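Computed from a prediction, not measured in an experiment: that's the story for all the values here. Just follow the structure's listing: the first ligand is 1, and inside any ligand the first atom is 1.
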Amino acid sequence: MEKLFTKKSFLILVVGIICMFLVACGNSDSPSTNDSEEPATDETAGNGEEEAASEEGGDEKLVIGFSQVGAESEWRTANTKSIQNAITDAGHELKFSDAQQKQENQIKAIRSFITQKVDAIVFSPVVETGFETVLQEAKDAGIPIFLADRAVDVEDDSLWATFLGSDFVEEGRKAGNWLVEEMKDVEGPVNIVELQGTVGSAPANDRKEGFEEVVSADDKFKIIKSQTGDFTRAKGKEVMEAFLKSEGDNIDVLYAHNDDMAIGAIQAIEEYGLKPGEDIIIIGVDAVKGAFEAMADGKMNVTIECNPLFGPQLVDLIEAHFAGETLDKRIAVEESMYTMDQAEELLPTRQY
Ligand code: GYE
């Protein structure tokens, strides 16, 4: 019995030892697997992050020439700042040129960027036509062009890498649709005066087209006057004075291709003795702070958003191009529309 017990105990002991060994192995196995897996995962993630960061940050420091339209509006000032900051914040070198709304200044600036052998050119064309030659010169020098904000009317789309900007035709349509809805119970005629942007510029051409497309569907809407105010407050005021002089109380609606002209016109309307926002419905485009202030004061009815703060998006595209990506030829900026009743609430949060 004693022997048997001893044999049994020995067996139990052996089995016990084997089990303990297996469990111990299992236990020591799992932490060691974890130990070896966790750092590996971390390392992989770490490498991935580093790679992404170096791609995003773009190791390459670029020299970027930026030919801007001018400083004609609140929108433009915000846009200039956004692009300048995005370029320098990303560690690139910026060469800036303000064309003061003159095409010849832009052509000169681009030629000077080519001579200085910049890596890339950001270009907001004042007008749509007449840039083929200089764009070809940049292409021949191997310098990619990034159209920002405004498009060019050029057939050969190999002359630029991409165009990042708003859909101005759609903005015009939004303005028209808002008016159609606002006036749905009015019999008409509804007499509209239009303050156009800079003659020949993409936003002036397109905002006119989109608006006309919508309002022309109902012949109660009549555009009785249409003239350029060159996107400035001073010109907007001056041209509105002339409109009031010839049409006076006949005017029901002002459609201004930007808020600055609308704000200038509001002054003219007040000086004439009418109430902007009531006697004359005021429609603007851009959604700058000044428009929100005018709307909060009940002097302006609606503004269609055109977002100028696309500097970071633009720099990402430039870096993507230099990382070898092929970019879409047309990239749109997202935007909305704001009415008088939203103005007070949104004004403190507006960034431009
Ligand atoms: O609406 C206007 C500016 O090109 C979108 O230019 C831009 C326009 C903007 O002067 O205020």
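- Judged as a salt bridge (charged side-chain N to carboxylate O under 4.0 Å, His left out), and not counting sequence neighbours, the contacts of Glu271 are Lys237.
- Remark: Arg350 is positioned above the aromatic ring of Tyr352, its terminal NZ or CZ atom under 6.0 angstrom from the ring centre and at most 45 degrees off the axis.
- Tested against Val118 for a side chain to side chain contact (heavy atoms under 4.5 Å, CB included), the candidates Val63, Ile64, Leu62 yield a single pass: Val63.
- Between the CD atom in Gln136 and the OG atom in Ser158 there is a gap of 7.0 Å [rounded to 0.5 Å].
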Verdict with supporting geometry, Lys289 and Glu74, salt bridge (charged side-chain N to carboxylate O under 4.0 Å, His left out): CA-CA 8 Å; Lys289 259 204 183 123; Glu74 269 189 55; over 6 Å; no
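- Of all the heavy atoms in Glu132 and Asp153, the pair that sits closest is OE2-O, 4.1 Å.
- Around ligand 1 you find Glu72, Ser73, Trp75, Arg76, Asp149, Arg150, Phe168, Pro203, Arg207, Phe231, Asn258, Asp286, Cys306, each with a heavy-atom distance below 4.0 Å.
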